[in-house]
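Here is the structure we will look at.
Naming convention: chains lettered A, B, ... in sequence-line order (proteins, then strands); numbering from 1 in each chain.
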There are 2 protein chains.
Amino acid sequence: MAHQDQTISRATDKRLPAYLRLRDDLAARVARGDWAPDVALPSENQLTAETGLSVGTVRKAMQMLVDEGLLERRQGSGTFLRKRAFDATLFRFFAMGTDSKTIPQSRLVARAVTSAPPRVAAVLGTGDCIRIERLRSQSDTVLLAEEIWLPRVRFDGIETMPEANIGPLLYPLYLDRFNVFIASAVDDVSFAPAPAAIAARLGIPADAPAAVIERTAFTADGTAVEWRVAHGPSDRFRYRSRLG
Amino acid sequence: MAHQDQTISRATDKRLPAYLRLRDDLAARVARGDWAPDVALPSENQLTAETGLSVGTVRKAMQMLVDEGLLERRQGSGTFLRKRAFDATLFRFFAMGTDSKTIPQSRLVARAVTSAPPRVAAVLGTGDCIRIERLRSQSDTVLLAEEIWLPRVRFDGIETMPEANIGPLLYPLYLDRFNVFIASAVDDVSFAPAPAAIAARLGIPADAPAAVIERTAFTADGTAVEWRVAHGPSDRFRYRSRLG
DNA sequence: CACAAAAAGTTCTATATAGAACTAGTTGAC
DNA sequence: GTCAACTAGTTCTATATAGAACTTTTTGTG
């Protein structure tokens with residue numbers, strides 16, 4: 001029961017420091033669903049007992065997961081999964097319109113194994129990819145047309161999953177089904193006339209002004225594991241970013 | 001010589017933990033230019049001697065600044081400024097064009113004590129404000145027309161400072177002259193036709209498409225101390241944001 | 001039963017210490 | 001002069017400990 005170290009056998013176990021191995025173990029157990037939300041994770045004392053490490057080392061590992069947005073610690077009560085991790089950070093992407101309460105609808109319009117264009121392949125480190133096309137709308141208005149590229153080595157099978165199993169948010173799915181945790185991302189916002197194909201999807205005239213958001217998403221170790229580009233009609237677009 | 005605590009007198013000194021106060025002090029000294037790039041900051045030992053704190057506490061403060069991207073530590077050799085810190089955080093605002101190496105030129109075109117419009121007054125908590133208009137250009141092309149609002153209670157006198165004393169970057173000035181440290185900000189990017197007055201400054205036709213960036217900047221304790229809106233020609237605009 | 005007080009359990013701050021890992025410069029042997 | 005060995009200085013990992021701060025549960029009192 002106690003030691004999980006053996007049962008997990010992380011790939012990253014080349015005599016890394018103890019706090020990193022513990023962090024990886026905890027992250028893996030979180031991703032595997034060992035703890036439900038609103039149930040406390042083992043306390044510092046329990047973990048020191050389980051692992052044989054000291055409090056400082058355990059705290060260091062847990063603090064990393066807090067910094068990465070996976071956990072949340074509440075003084076006096078315990079350590080928990082961070083429920084709003086995804087809405088708050090990765091999903092603020094779309095504070096479009098005025099109400100950011102309702103989650104946009106999401107519809108997949110294409111999924112296929114394809115070879116990625118050079119630019120995408122360079123970012124992801126491979127051309128062997130899966131391409132997903134998705135439309136996002138709110139109250140029956142299309143707000144965004146997305147094109148998403150994923151490396152097949154990590155996401156094989158996502159192209160045939162039943163659409164019903166794919167929620168409006170992809171990052172939780174990545175974690176649940178493919179054990180990929182998106183820790184950070186870089187967004188690039190610019191404006192350009194909409195290409196005809198995209199304009200049609202958005203229901204705007206060809207060459208009408210459109211906002212373009214390019215995103216590269218990374219795991220905790222800095223590997224790029226997703227690239228996407230989204231187009232939206234510029235008059236309804238709003239991008240919010242919290243700095244510092 | 002030793003203790004800097006007195007000489008700086010941070011606004012955020014409501015008996016915060018020691019490591020946070022040290023972090024703030026170090027951040028302020030970095031922003032003030034106390035250390036040149038490629039010169040090591042005081043070592044852990046020196047700082048423990050200066051501050052009377054323990055190594056662990058000093059390390060905690062420095063680690064925060066590393067996480068925030070301000071510092072860089074090299075085992076065996078020392079702690080240094082991270083060269084691209086300013087571009088990357090406060091100044092990444094304008095990764096316009098392709099080269100982010102050259103700092104844009106900056107020209108003040110108006111400064112006055114005025115009463116702020118309701119919306120701005122609500123954010124800043126007062127209508128008694130200073131309004132600054134600024135044009136930013138790169139290689140003789142105007143990229144951005146800014147309008148900046150500051151509460152007079154904190155920034156009194158900035159409207160009459162000689163322009164020669166005002167560099168291209170305002171946040172270091174805020175810190176140097178007014179002891180205001182910008183700790184975070186929220187940017188809001190959208191897209192709208194340029195009003196005639198602004199279009200004229202940008203050298204584009206009236207009602208031509210323009211990018212609009214609204215920023216609210218905060219001190220460490222969460223008080224809004226600056227509000228600005230910037231317009232730029234949409235075809236040259238690019239906004240980069242690092243999430244997570 | 002209601003409510004206050006106490007207790008137990010949790011995270012958080014801070015100190016002190018030891019040695020490992022790494023870097024850069026100095027010394028010494030040849 | 002060259003190069004290896006040494007040394008001093010730095011950050012990094014890890015442990016052990018103490019009490020503060022906060023939350024939740026239990027206990028005791030009326």
Next item on the list: Flag the pair A:Thr223 / A:Arg154 as yes when at least one side-chain heavy-atom distance between them is below 4.5 Å, and no otherwise.
Entry: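 Yes, their side chains come closer than 4.5 Å.
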Margin query: Between the opening five pairs and the closing five pairs of the helix from C:dC1-D:dG30 to C:dC30-D:dG1, how far apart are the helix axes, to 10°?
Written below: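 End axes: 20° apart.
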Margin query: List the residues meeting salt bridge (charged side-chain N to carboxylate O under 4.0 Å, His left out) with B:Arg152, not counting sequence neighbours, and say none if there are none.
Written below: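 If we apply the salt bridge (charged side-chain N to carboxylate O under 4.0 Å, His left out) test to B:Arg152, skipping adjacent residues, the hits are B:Asp128, B:Asp156.
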Next item on the list: Identify whether any heavy atom of A:Ala40 sits under 4.0 Å from a base atom; if not, whether one sits that close to sugar-phosphate; answer base, sugar-phosphate or nothing.
Entry: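 Touches nothing.
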Checklist line | For chain A, the stretch of DNA chain D it reaches, first to last nucleotide, under 4.0 Å of its heavy atoms | finding: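 Counting from the 5' end, contacts occupy D:dT13 to D:dT23.
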Margin query: If you assign B:Thr79 and A:Val55 each to the DNA chain D nucleotide with the nearest heavy atom, which residue ends up on the more 5' nucleotide?
Written below: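 Residue closer to the 5' terminus by nearest nucleotide: B:Thr79.
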Note to self: Please report the distance, rounded to the nearest Å, between CG in A:Leu41 and P in C:dG9.
What the structure shows: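 Taking CG of A:Leu41 and P of C:dG9, I get 19 Å after rounding.
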Next item on the list: Enumerate the residues from residues 57-66 of chain B whose closest heavy atom to DNA chain C is under 4.0 Å, giving them by residue number; use none for an empty result.
Entry: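 Those residues are B:Thr57, B:Lys60.
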With 3.5 Å as the limit, what N/O pairs link the protein to nucleotides 5-8 of chain C?
none

Next item on the list: Can you measure from CG (A:Leu47) to CG (A:Asp25) and round to the nearest 0.5 angstrom?
Entry: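 A:Leu47 CG to A:Asp25 CG: 10.5 Å, rounded to 0.5 Å.
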Notebook entry, point to check: Mind checking what makes ring pair (Phe, Tyr, Trp, His ring centres under 6.0 Å) contact with B:Phe155, not counting sequence neighbours?
Noted result: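 Applying ring pair (Phe, Tyr, Trp, His ring centres under 6.0 Å) to B:Phe155 gives B:Tyr174, B:Phe178.
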Item checked: A:Ser106 and A:Arg136 side chains, donor-acceptor separation under 3.5 Å ->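 A:Arg136 vs A:Ser106: no donor-acceptor pair found between side chains.
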